[in-house]
Amino acid sequence: MHSDDWISLVRYKALEEDFLTKVQIFWKRHGPVVTSQIIYMGLLESLFGLNYKVFGLINIIFKILATLSLYPLILLVFKRRLLAFLAVILYSISYSTVGTFYVVIQGTEYQAIFFMNIFLIIYYFIAKKQIISLKWIFALMLSFSIAILLAPSRLFPLILLPLLIEFFLWLHMRANYNFKMGVRKLFFLYLPFVLLFIYHPVAITGAFIIPITHFQKILEGYWFIILSPMSGLGYMIFWDSYWVKLIGSLRLDNFGGYLLFLVTHTTFLFGLISIIFALILSRNRRRFILLTIVLNLIMEILIFFPSINHLKIPIEHRVSFDFNALYSVFVGVFVFAFSISCYIEWLAMGKKNGLLLAIVLGSMTSLYFIFCNWLFANSFLSFGPQHEYLTVPAIGVSLMFSALLTSFHDKLKAIKILNLGKSLAVCTLLLILLPIYGVNKLRTTEYLSGIIKQNNALKQQDIQQKLRIQIKESTNKLVFFDWTRDKDNAEFY
């Protein structure tokens, strides 16, 4: 168990009031961000004792439920069984979701994802059928509220999603858009949060600090901060060591050398990938390739300036920047440029290609969740391949990849030579999925092995369990848990 788990458990056990009174007290003291985690940890301990293996198993079960709930959502929206199946498979094996398992109380995120998917299913059904009955509105409001309140620190971007969905529907439907129904849905969705704000304003607003520090740090010269969201997106598509081999060593010593690096390395690699994707997805391939390459190159050129600007700060006051993170930024920028090309292609095809729309919605939704979480995080937040902030965005990336694989499958299936198209498509799909599974398994194994070696988790649990037994029957004692090995600056609980 992580120290955050112990803190949540201590807070829960410190109160002797009944359950509902505890929830009320926690809400007023700590707000929505940690209330659900305290309750979850307290309920787990009440039901199973301090059995951390069971805690981990329960979180795995919640992840399975969250993953399986993606299937009906994607099938309902895009009407493709293969797309939904592949998205579930890719999300289930994604190494980006492993970071959540490090802390027991973060299991609430998978519960929140399950209810988020239920909410989106109901939302789509109401919008498609144009119904506004009380039972459906109540189900919509309930699933929306539960999803956010279970994991507000990760799911709070969901609050703005209905507004974005309604804007998207209005943008593409115009005269056929039911404005009155849209307003009604939004009213009922936001009503519970308005009432909670009236009941206890600090509980809603206190957890989220206005991200002024980001702008302060940027003004101080730390421009590299603005690259973090793209870095988070890129890290979900392989990690640094892979891209170092593919792209080569960075050149940031001068602008001319950097341009030469872009032309001879990243532009060549991403240009080749753009050509392959154009052959699979596009009718106007020349436009698709040129648009993707030009947009990607422009953004890559702009990356140079925020990457090195902090070097102007005196070294004694400077916060270092890991230049290896630029590899993930390059990947994130390419995905963004590629998604814009796919969106233009979708419009050119008369908005009829659902797989192109899945690519756009998957990548942009991922970036939206990453950006919102980054906006309210520490200014020097550094993403990694496994990061607790990437559990929800990994859904969008899984949808994007599954749409690409489904498009590739459809192209191969259309081959009519000796009627081998269908067999060739299935076999090729399996051959692609096997190395994807291998890469995710390798990274997940490395991550979990590193946690065990660094923290010696099982031994710590045994020590804490014995300590708990020793002091159980004795008088009240104050016990300090050392957070680090730094005796001078360590945090204690």
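Because the structure is predicted, anything quoted here is derived from the model rather than measured.
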For residues [X] and [Y], determine if any side-chain heavy atom of one lies less than 4.5 Å from a side-chain heavy atom of the other.
| X | Y | answer |
| --- | --- | --- |
| F125 | L120 | no |
| I137 | R184 | no |
| I7 | V10 | no |
| F401 | L86 | no |
| I126 | L140 | yes |
| F119 | L189 | yes |
| L9 | W6 | yes |
| L150 | L155 | no |

Check against side-chain contact (heavy atoms from CB on, under 4.5 Å), M116 and L161: CA-CA 11 Å; M116 177 185 71; L161 201 59; 5.7 Å; no
Nearest non-hydrogen partners of [X] and [Y], listed with the distance:
| X | Y | answer |
| --- | --- | --- |
| T108 | A151 | O-CB, 4.1 Å |
| P306 | L227 | CG-CD2, 4.0 Å |
| G221 | N309 | O-ND2, 3.0 Å |
| S92 | T67 | CB-CG2, 3.9 Å |
| V329 | I303 | CG1-CD1, 3.6 Å |
| L43 | F19 | CD2-CE1, 3.9 Å |

Is the number of heavy atoms from other residues, nucleotides or ligands under 6.0 Å of [X] [atom1] greater than 12?
| X | atom1 | answer |
| --- | --- | --- |
| F168 | CZ | yes |
| Y71 | OH | yes |
| K351 | NZ | yes |

Parallel, tilted or perpendicular: ring planes of F144 versus F193, cut at 30 and 60 degrees: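 Plane angle over 60°, so perpendicular.
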Between T97 and T391: side-chain donor-acceptor atoms closer than 3.5 Å: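 Result is no, nothing qualifies.
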When you measure from the side chain of [X] to the backbone of [Y], do you find a donor-acceptor pair of N or O atoms at a distance under 3.5 Å?
| X | Y | result |
| --- | --- | --- |
| W374 | P229 | no |
| Y437 | I432 | no |
| S145 | L142 | no |
| N373 | Y389 | no |
| S94 | L90 | no |
| K22 | Y12 | yes |
| S69 | A66 | yes |

By salt bridge (Lys or Arg N to Asp or Glu O under 4.0 Å) - contacts of R80 (at least two apart):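 Expected list: D410.
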Residues in salt bridge (Lys or Arg N to Asp or Glu O under 4.0 Å) contact with K63, at least two apart in sequence or another chain: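 Salt bridge (Lys or Arg N to Asp or Glu O under 4.0 Å) check on K63 returns nothing, list empty.
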Derivation and outcome, side-chain contact (heavy atoms from CB on, under 4.5 Å), residues I237 and M400: CA-CA 11 Å; I237 310 169; M400 180 188 71; 4.1 Å; yes
Derivation and outcome, side-chain contact (heavy atoms from CB on, under 4.5 Å), residues L163 and Y190: CA-CA 11 Å; L163 284 171; Y190 294 128; 3.5 Å; yes
Pairs meeting criterion salt bridge (charged side-chain N to carboxylate O under 4.0 Å, His left out) with involvement of residues 113-128, two or more places apart: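 The answer is none; no pair qualifies.
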Identify all side-chain donor-acceptor contacts of residues 359-371 below 3.5 Å with residues at least two apart in sequence or on another chain.
from, atom 1, to, atom 2, distance (Å)
S363, OG, S339, OG, 2.5
S363, OG, I359, O, 2.9
S363, OG, V360, O, 3.2
T365, OG1, L361, O, 2.5
S366, OG, G362, O, 3.0
S366, OG, P393, O, 2.5
S366, OG, V397, N, 3.1
Y368, OH, P157, O, 2.5

Test applied, side-chain contact (heavy atoms from CB on, under 4.5 Å); reference residue, F78; option that passes from T406, L355, L73, L399: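 Of T406, L355, L73, L399, side-chain contact (heavy atoms from CB on, under 4.5 Å) with F78 is met by L399 alone.
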Residues in side-chain hydrogen bond (donor to acceptor under 3.5 Å, both in side chains) contact with E166, at least two apart in sequence or another chain: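 Only Y123, Y177, K185 meet the side-chain hydrogen bond (donor to acceptor under 3.5 Å, both in side chains) criterion with E166.
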side-chain hydrogen bond (donor to acceptor under 3.5 Å, both in side chains) contacts in which one or both residues fall within residues 32-44, not counting sequence neighbours: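 As it turns out, the side-chain hydrogen bond (donor to acceptor under 3.5 Å, both in side chains) pairs with a partner in residues 32-44, which skip direct neighbours, are Y40-N59.
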Rounded distance (nearest 0.5 Å) linking atom SG of C372 with atom CG of L160: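 Those atoms lie 6.5 Å apart.
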Steps toward side-chain contact (heavy atoms from CB on, under 4.5 Å) verdict (L75, F85): CA-CA 9 Å; L75 180 61; F85 174 76; over 6 Å; no
